[in-house]
There are 2 protein chains.
Amino acid sequence: MVYLKRGELAKATDTGIETIRYYESTGLIHKAERNDKGYRLFPPDTVKAIRFIRSCQDLGFTLKEITLLQNLKIEPDQQCGQVKESVDIKINELDKKIRALTMMRKALVTMSDMCIPEASNRSCHFLELLEEVIS
Amino acid sequence: MVYLKRGELAKATDTGIETIRYYESTGLIHKAERNDKGYRLFPPDTVKAIRFIRSCQDLGFTLKEITLLQNLKIEPDQQCGQVKESVDIKINELDKKIRALTMMRKALVTMSDMCIPEASNRSCHFLELLEEVIS
DNA sequence: CTTGACCCTGTACCATACTACAGGCACGAG
DNA sequence: CTCGTGCCTGTAGTATGGTACAGGGTCAAG
């Protein structure tokens, strides 16, 4: 059978078995079908869905936001403009986040570069550096 | 007096007044001195400290991580190498995060571009698009 | 000298995102 | 046929990051 039981899905996605139930209960993944004994049977693409969820979480999205992302689709009908608007907002947010992270990265690189064993006895205070880079 | 009371600090940083007490209790900001009546008196640079905390949170750092960031200082002593190592790890993490966000941004831009009224009757699902853009 | 805005403490509560039982049925290996 | 997993349900507990009182003192303006 191509279907996965809960434990198999958990292993395949390196996720806690209870987490799967939690995701199902919140609607983050589709309700699984059940066999005659009540065991959950997940279609194999649930693996992808869960990997997507975990990746998004790593990027700082909440489960609520991830639900929105999952539902994001543009259909060329009268509602297109609305969806486009929310997509554009999301793009702006991402831009801000990317810029900020890039600045922080720069601060860290500067720090790392300053840290050469032979370097003179200057000391580096991260916060001051970061403030400089950010502002 | 240059010192700020709790409410003043809250206003200056656009933060809940109780949040300030919470940050103080967790050691995220220094314990304020008190006047003779027990009122907290915060030195003015606490404003900066709290802004720093909020910015870092926006970037997806936890309060625990922010504490670590605050303590990150490189002093040219024997521990320099160690600190450099952890800084470099953090840089790698940021790189990954920035790349992933950039890809996600690309997917959204593609979506947004597809949404032109005159465009044909194709419809666009974010997840599929993201997979395309990523791979 | 009272009224309202502020501050104090302790404690309780909230949402999010899990995580851990307890009690019970299912199933395959030995 | 039993032993060890694995699955089921419901419910309770955890950590994080706040948020909201209650009950009481402080302070300055009118």
Side-chain angles (χ1 to χ4, degrees), chain A residues 1-44 46-47 49-71 93 97, chain B residues 1-44 46-47 49-71:
Chain A
M1 188 54 98
V2 299
Y3 286 94
L4 294 132
K5 276 181 280 182
R6 188 150 61 112
E8 293 166 345
L9 183 57
K11 241 175 223 168
T13 57
D14 196 29
T15 303
I17 190 161
E18 291 295 279
T19 306
I20 309 272
R21 186 158 63 118
Y22 175 67
Y23 286 172
E24 198 200 34
S25 78
T26 61
L28 207 58
I29 56 176
H30 292 125
K31 293 230 178 297
E33 287 170 46
R34 304 297 182 103
N35 69 8
D36 55 336
K37 294 301 177 187
Y39 284 31
R40 286 173 183 80
L41 298 177
F42 292 96
T46 314
V47 173
I50 290 182
R51 293 216 179 113
F52 178 74
I53 294 165
R54 307 304 271 198
S55 305
C56 288
Q57 280 189 304
D58 282 349
L59 297 179
F61 292 94
T62 64
L63 297 187
K64 208 178 257 176
E65 289 174 320
I66 294 168
T67 304
L68 294 179
L69 282 177
Q70 284 176 337
N71 295 335
E93 284 172 19
K97 218 162 177 170
Chain B
M1 188 55 95
V2 299
Y3 286 94
L4 295 133
K5 276 181 281 183
R6 188 151 59 114
E8 293 166 344
L9 183 57
K11 241 175 223 167
T13 57
D14 196 31
T15 302
I17 190 162
E18 292 295 279
T19 306
I20 308 274
R21 185 158 62 117
Y22 176 66
Y23 285 173
E24 197 199 35
S25 78
T26 61
L28 207 58
I29 55 176
H30 292 126
K31 292 228 178 299
E33 287 170 46
R34 303 298 181 104
N35 69 8
D36 55 336
K37 293 301 176 186
Y39 284 30
R40 285 172 183 80
L41 297 176
F42 292 97
T46 314
V47 173
I50 288 181
R51 295 219 177 110
F52 177 74
I53 293 165
R54 308 303 268 196
S55 305
C56 288
Q57 278 189 305
D58 283 349
L59 297 179
F61 292 93
T62 65
L63 297 188
K64 208 177 259 179
E65 288 174 322
I66 294 168
T67 305
L68 293 179
L69 282 177
Q70 285 176 337
N71 295 337

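Just so you know, these numbers come straight off a predicted model, no measurement behind them. Below, chain A is the first sequence line, B the second, and so on; all start at residue 1.
Axis angle between the ends of the helix from C/dC1-D/dG30 to C/dG30-D/dC1, five pairs each and rounded to 10 degrees, works out to 0°.
Rounded to whole Å, the distance from CG on B/D36 to P on D/dT26 is 9 Å. Here D/dG17 presents its P atom at 15 Å from CD1 of B/I29, a figure rounded to the nearest Å.
For B/T19 and D/dG17, the shortest distance from a side-chain N or O to OP1 or OP2 is not below 4.0 Å.
You'll find the side chain of A/L28 stays beyond 4.5 Å of the side chain of A/Y22, heavy atoms only. Between B/R34 and B/R40, the closest side-chain pair of non-hydrogen atoms falls below 4.5 Å. Contact of the B/F61 side chain with the B/L68 side chain is not registered, since no non-hydrogen atoms from C-beta on lie closer than 4.5 Å. A/T13 places none of its side-chain heavy atoms less than 4.5 Å from the side chain of A/T46. Side-chain contact between B/F42 and B/I20 is present, with heavy atoms from C-beta onward closer than 4.5 Å. The shortest distance between side-chain heavy atoms of B/R51 and B/R54 does not fall below 4.5 Å.
Protein chain B touches strand DNA chain C; the 5'-most and 3'-most nucleotides with an atom under 4.0 angstrom of its non-hydrogen atoms are C/dC6 to C/dT11.
Taking NZ of A/K64 as the start and OG1 of A/T26 as the end, the distance is 11.5 Å to the nearest 0.5 Å. Between the CG atom of A/N35 and the CG atom of A/L41 there is a distance of 5.0 Å, given to the nearest 0.5 Å.
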Original post:
Taking protein heavy atoms under 4.0 Å as touching, what does nucleotides 6-16 of chain D look like 5' to 3' if B marks base contact, S marks sugar-phosphate-only contact and - marks none?
Top reply: BSSBBB----S
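Salt-bridge check for A/E8 with A/K11: failed, with every basic side-chain N at 4.0 Å or more from each acidic carboxylate O. Salt bridge status for A/R6 with A/E24: absent, with no side-chain N to carboxylate O gap under 4.0 Å.
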